[in-house]
Amino acid sequence: MKFAWFPGCVSRGACRELYASVKAVAPILGLELTEMTEAACTGAGVISEHSPGVADALNARTFAMAQKMGLPVMNNCSTCMGVMAGVQARLGGDGTALGRVNGVLKAEALEYKPPVRVTNFLWVLVEDVGLEKLKSLVKRPLRGVRLGPFYGCYILRPEANLGFGEKPERGKYLEQVIAACGGDPVDYEGKDKCCGFPILTMNRKNSLSMAGDHLLEARGNGAHGLVTPCPLCHLNLDAQQPDAAKVKGQRIDLPILHLPQLVGLALGLEPKDLGLGKHIVSTRPLLDRAGVGG
Amino acid sequence: MKATLIVRRYDPESGKPPYDQTYTVAVGESEVVLDALIKIREEQDGSLALRCSCRSAICGSCAMNMNGHPGLACKTKVAALSPHGEPVQVGPGGNLPVIKDLVVDMGPFWSKVRQVTPWLRPGAPPPANEEYRVPNERMLDLSGMMACIMCGACVMACTVLEAEQGQGGKPDEGFLGPAALAKALRFVGDPRDGTSRERLEALMGGGGIWDCTHCFECVQRCPKGVAPMDRILELRRRAVDAGFTDHNGVRHAQAFVDSIRKHGQLDENYLARKSVTFGELFQMMPVALRMLLAGKMPPMFPHNLPGDSREDVKRIFEAMEEEKPA
């Protein structure tokens with residue numbers, strides 16, 4: 001299973017533990033990743049707000065590079081996934097837009113020829129590695145650990161762009177992976193809602209209130225922690241959690257795992273190899289519950 | 001097939017809190033949730049309150065929550081919600097006050113639509129002995145918004161309204177919401193309207209276009225493909241083009257664009273610094289300190305693309321930036 005790996009900006013910046021944990025689990029899962037060091041940011045929905053043409057071209061450039069490598073793209077971020085899927089949809093059906101984009105890419109001898117397969121670490125776990133294989137690789141089942149899934153909007157909506165027609169279970173993959181790792185998935189309404197991160201600097205109170213609501217709901221339903229495939233959600237749910245707690249007027253103390261950290265723990269990797277010490281909310285209580293020392 | 005519907009009941013006059021009631025009803029393969037509810041009302045329980053009229057997805061009366069998400073009950077097949085005979089959860093749409101059972105008060109919805117002045121304010125009188133002439137393609141651009149049937153599904157799904165009301169906000173206050181803002185673009189974009197600037201300026205404030213959190217809920221739930229969130233982003237673009245830039249939303253977008261243009265990748269420290277006013281920087285200090293202590297501070301010199309790639313990214317910006325969508 002070979003992929004052109006698109007780590008994205010945040011996993012090279014504020015969430016370097018995500019980058020480290022993808023790298024740590026990939027070989028055990030049989031994933032051969034070639035990092036796309038020359039690919040640019042997807043634009044995260046912000047560039048397309050400013051100029052859809054620029055966002056289309058930046059992503060088409062990434063797709064063309066992967067096609068040159070002869071590999072599908074794998075990202076590890078709900079936001080990257082959604083933006084890339086949106087560009088795939090826009091350039092797939094419109095010959096004029098595609099022609100304009102390829103006109104610009106010509107200068108670097110690249111051409112995007114749709115379709116290209118773009119996927120992400122969560123989908124790869126279920127659709128490429130497979131849940132049975134994942135279960136067979138688990139060395140440290142997280143028995144008794146109750147984990148809430150937190151998807152991130154962009155990996156769920158709009159469904160038409162994200163292949164839900166062919167794969168309607170994509171909205172349940174996180175629960176399936178949590179269970180495959182030996183944990184107990186916790187259901188709560190906030191799991192497919194917005195973490196609030198996009199409006200953090202525009203409407204801080206609403207942003208933190210969103211994060212706080214989902215965290216408290218999950219905790220109220222018995223979660224010992226949350227798992228997310230989106231580093232932007234992680235920033236609002238983990239790094240901003242102390243402020244979200246202030247807005248909600250109560251302590252929260254709910255550890256937030258990046259998806260590959262959960263997988264890594266189940267595969268028997270050490271917390272420090274997964275950057276589990278680099279969180280704002282301590283992951284220690286969750287590790288203790290899972291019987292992980294160190 | 002037999003379908004099980006778990007319906008959220010509520011009668012404020014009873015003094016009792018909302019409760020769930022389970023009904024079993026026979027439905028055909030192609031029958032919709034509304035068919036099932038009408039059967040329940042006619043054959044089992046005349047006290048069930050629901051609102052419907054056309055049964056053809058055009059009057060917009062029967063928007064409600066089905067399995068946790070709003071949509072038109074007359075357009076949603078029972079079999080699609082319950083492929084293996086699972087019970088279907090039915091309840092009133094969110095973010096609006098419940099009058100009884102599945103009927104919500106649309107008053108706050110209409111009050112917000114009215115706030116965007118949803119009628120034409122012509123910039124000039126029509127040409128003598130003629131009506132206003134508009135090129136077909138300019139109106140085609142607006143037809144997407146005009147497809148709105150005002151059912152309120154987008155408002156019921158809006159995560160920002162949910163967060164505001166969770167903090168005690170009233171349904172007719174705060175964020176204008178997806179339906180009203182999509183309607184606003186319908187008039188901002190109308191070539192006959194003479195008040196686009198005033199309209200955009202009014203939307204720059206609290207509760208306006210910059211309060212949308214980009215969650216795609218309204219895009220996913222709209223039964224008519226209006227894609228309200230996309231319209232809100234279009235309003236943002238038009239507001240910036242019209243020179244309205246004194247907002248953290250604009251500062252954030254500009255810093256983001258500048259960072260990608262320069263590095264090809266995001267410089268998170270730069271973005272955080274430039275996305276807020278000077279005063280607000282102090283508010284961010286505790287977070288920055290927390291991240292520094294946890295070893296989570298983004299690197300001072302962010303990941304940079306190789307030199308050739310940076311040139312390629314610049315070329316893309318130069319070639320594509322001026323292109324505006326039709």
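All chains are named by letter (A, B, ...) in the order of the sequence lines, taking the proteins before the strands, and each is independently numbered beginning at 1.
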Contact class of [X] relative to chain B, heavy atoms under 4.5 angstrom:
X	value
A/T37	backbone
A/L235	side chain
A/A39	backbone
A/L105	side chain
A/S207	neither
A/E17	side chain
A/C195	neither
A/D56	neither

Would you mind telling me which of [options] has the largest number of heavy-atom pairs within less than 4.5 Å of chain B?
options	value
A/V247, A/L110, A/V10	A/V10
A/G196, A/P242, A/G45	A/P242
A/V101, A/V104, A/D192	A/V104
A/G8, A/G43, A/A160, A/C9	A/C9
A/C41, A/A14, A/P158, A/C194	A/A14

Shorter than 4.5 Å, heavy atoms on both sides: which option in [options] has the most such pairs with chain A?
options	value
B/T159, B/T213, B/V160	B/T213
B/V219, B/V287, B/N304	B/V287
B/S275, B/C215, B/A294, B/A253	B/C215
B/D211, B/D230, B/V313, B/L233	B/D211

Looking only at side chains, do B/Q220 and B/H69 share a donor and an acceptor under 3.5 Å apart?
no

Strictly by modelled atom types, are B/H214 and A/Y154 linked by a side-chain donor-acceptor pair under 3.5 Å?
yes

Checking [X] side chain against [Y] main chain: does a donor-acceptor pair fall under 3.5 Å?
X	Y	answer
A/Q261	A/L274	yes
A/H234	A/I256	yes
A/N102	A/Y112	yes

Yes or no on side chain to side chain donor-acceptor pair (under 3.5 Å) for A/N76 and A/W5, after CA distance, side-chain angles and deciding distance?
CA-CA 8 Å; A/N76 43 247; A/W5 176 34; 2.6 Å; yes

Contact origin within [X] toward chain A - heavy atom pairs under 4.5 Å:
X	value
B/Q167	side chain
B/M291	both
B/H247	side chain
B/I260	side chain
B/E268	side chain
B/V276	side chain
B/R236	side chain
B/E162	side chain

Using a strict 4.0 Å threshold on nitrogen-to-oxygen distance, state whether [X] and [Y] make a salt bridge.
X	Y	result
A/R251	A/D253	yes
B/R315	B/E311	no
A/K68	A/E111	no

Do other residues, nucleotides or ligands put more than 12 heavy atoms under 6.0 Å from B/E86 CD?
yes

Would you say that more than 12 heavy atoms from the other residues, nucleotides or ligands in this model lie under 6.0 Å from the NZ of A/K248, or not?
yes

Applying salt bridge (Lys or Arg N to Asp or Glu O under 4.0 Å), name anything that partners A/E35, two or more places apart in sequence or on another chain.
A/R12

Please walk me through it: do B/N248 and B/E280 pass side chain to side chain donor-acceptor pair (under 3.5 Å)?
CA-CA 10 Å; B/N248 278 357; B/E280 287 166 325; 2.9 Å; yes

Test side-chain contact (heavy atoms from CB on, under 4.5 Å) applied to B/K262 - qualifying residues, sequence neighbours left out:
none

Result for side chain to side chain donor-acceptor pair (under 3.5 Å) between A/K191 and one of A/E217, A/H214, A/E175 points to A/E175

